[in-house]
Amino acid sequence: MPAMRRAMIPLARRRSGGGTVYHDLGNLNLTFFASKKAYDRQRNLKVVTEALRRVCPELDVQATDRFDILLKGHHKISGTASRLSRKSSYHHCTLLHSADRSALSSLLRPSCTGIQSNATPSVPSPVANLTDHAPSLQWEELLEALVQQYNSEFGLTSALTPVSPSDESLFPGVGNMEAELRSWEWTFGKTPKFRVETQLELRDEQLAAGCSAYLHMEVKNGLVESCRMDIPANWLPLRLSSTLSEVLLGERFCPHRAAAALTVFLRSESGQLHRRLCNLCEVLLAVMG
Amino acid sequence: MAAYGLFRSFSSGFSTVWPLLTRSALFSPLRLAPTPYYGRTIASSSRLSAALKFTDKHEWVRVEDNGTGTVGISNFAQEALGDVVYCGLPEVGTQLAQQDEFGALESVKAASELYSPLTGEVVEVNTLLADKPGLVNKSCYKDGWLMKMTIANPAELDALMDETAYERYIRSIED
């Protein structure tokens with residue numbers, strides 16, 4: 001999260017479930033719309049793998065039974081998610097052509113290591129760009145091949161038609177939909193309950209002193225449900241640690257909101273206590289990402 | 001009747017008893033009997049498997065004694081979905097029209113939308129599913145219930161399929 005904020009990368013949660021992906025202009029997103037009856041992810045992925053084999057016959061690409069596409073049997077170049085409604089469906093997948101690999105790995109690395117929950121564990125896979133193994137593969141060439149293969153597979157003769165996804169006249173309501181998919185309530189407010197258990201390393205620079213404190217926090221629907229900090233009483237009076245915990249209750253598990261809530265509280269102390277409180281707040285906000 | 005209603009509410013969590021009773025007084029078209037209706041207690045065991053009504057989208061609804069409808073998905077649906085890993089359910093208080101999308105169940109297959117069988121207001125959501133989404137597969141008619149709602153228009157129930165009609169329906173689509 002902090003890396004994302006620094007790089008000013010927007011976050012959205014999709015309605016098709018599954019894991020987190022990093023998108024930039026080197027990562028092609030393909031969406032296959034079909035009726036519910038015609039929903040067939042393997043067939044769609046076949047369009048992708050056949051198209052790739054046409055433009056680069058030497059490429060070893062294979063769709064797995066988990067609907068990933070692997071290069072040379074172990075580099076993931078595509079992942080899939082989908083949504084079924086009453087009569088229709090969409091299946092979308094990524095295709096790593098030339099994405100920024102270092103941004104991808106730093107942004108998808110969890111910043112908080114003490115998180116426990118019942119959420120489905122994320123299975124990180126070693127990834128690769130197509131251009132790492134087929135450097136001459138041009139973006140436009142890839143698009144053309146996909147269009148041709150799609151037409152061939154589904155018996156169609158459609159041409160590639162550019163559209164602007166943010167065109168409100170073409171897609172009425174898309175602006176509102178985007179806002180909703182990026183809203184805190186949708187991206188974080190539906191988060192399954194999780195626990196944070198970690199050691200906080202506190203420091204008092206002026207006295208060159210430090211201590212460890214244990215943090216236990218429970219977060220439900222993105223809000224702090226409980227917070228306990230075991231801070232040695234000779235570092236900070238117990239009344240201050242417990243009041244600080246109380247200030248956080250009900251707040252979003254978010255450094256901005258927590259910082260705002262804590263600012264008022266910090267003003268009440270001075271000197272050594274103030275210094276140590278500021279350090280504690282800093283460390284806490286870092287845990288929140 | 002009232003005593004039985006109390007027992008049924010208790011099994012889903014004591015803390016929900018009073019809110020359910022108050023809400024049903026405001027919204028339910030059915031009234032709780034003011035005196036215990038002893039004639040009904042003999043039928044109590046069959047009420048535990050009270051009639052399910054089904055939609056063509058494989059959701060079921062069961063009318064409880066307090067007049068609310070418990071909603072879930074059928075065995076056919078849970079088998080088709082595969083292992084459910086996440087349940088996206090509505091907030092309590094959400095107003096739903098019949099056939100409105102009220103959430104989605106995520107499985108390996110896809111995120112599959114859920115449609116409201118009736119018009120009404122969500123009064124309870126199965127919080128067990130947050131930690132145990134697999135209950136939808138293991139116990140789709142009992143512990144894997146999804147939500148409870150008021151029944152604003154009881155006539156809508158008449159148009160839904162009973163168990164026999166639903167079984168016929170499944171056989172016809174499987175062919």
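Excluded from the calculations below are hydrogen atoms, water molecules and symmetry mates; all remaining heavy atoms, backbone and side chain alike, are included. Just so it is clear, the model here is predicted, and its values are computed rather than measured. Chain A is the first sequence line, chain B the second, and so forth, proteins listed ahead of strands; every chain is numbered from 1.
Under a cut-off of 6.0 angstrom, the local environment of CZ in Arg257(A) is sparse, with at most 12 non-hydrogen atoms contributed by other residues, nucleotides or ligands. At most 12 non-hydrogen atoms from other residues, nucleotides or ligands lie less than 6.0 angstrom from CD of Glu91(B). For Met177(A), the CE atom counts as loosely surrounded, since its 6.0 Å shell holds 12 or fewer non-hydrogen atoms of other residues, nucleotides or ligands.
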**Request:** Could you go through the side-chain contact (heavy atoms from CB on, under 4.5 Å) check for Lys57(B) and Arg86(A) one step at a time?
**Result:** CA-CA 7 Å; Lys57(B) 293 302 148 212; Arg86(A) 210 195 316 274; 3.3 Å; yes

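Neither the backbone nor the side chain of Leu114(B) has a heavy atom closer than 4.5 Å to any heavy atom of chain A. Neither the backbone nor the side chain of Lys132(B) comes within less than 4.5 Å of any heavy atom of chain A. Interface residue Gln99(B): backbone and side-chain heavy atoms are both found under 4.5 Å from chain A. For Arg15(A), the parts sitting under 4.5 Å from any heavy atom of chain B are the backbone and the side chain alike.
Scanning residues 187-196 of chain A against chain B with a 4.5 Å heavy-atom cutoff picks out Lys190(A), Pro192(A), ordered by number. When the heavy atoms of residues 31-41 of chain A are compared with those of chain B, the residues falling under 4.5 Å are Tyr39(A), Arg41(A), listed by number. Along residues 69-85 of chain A, the residues that come nearer than 4.5 angstrom to chain B, judged on non-hydrogen atoms, are Ser82(A), Arg83(A), Leu84(A), Ser85(A) in order of number.
Within the structure, the ring pair (Phe, Tyr, Trp, His ring centres under 6.0 Å) test picks out no pair touching residues 87-119 of chain B (sequence neighbours left out).
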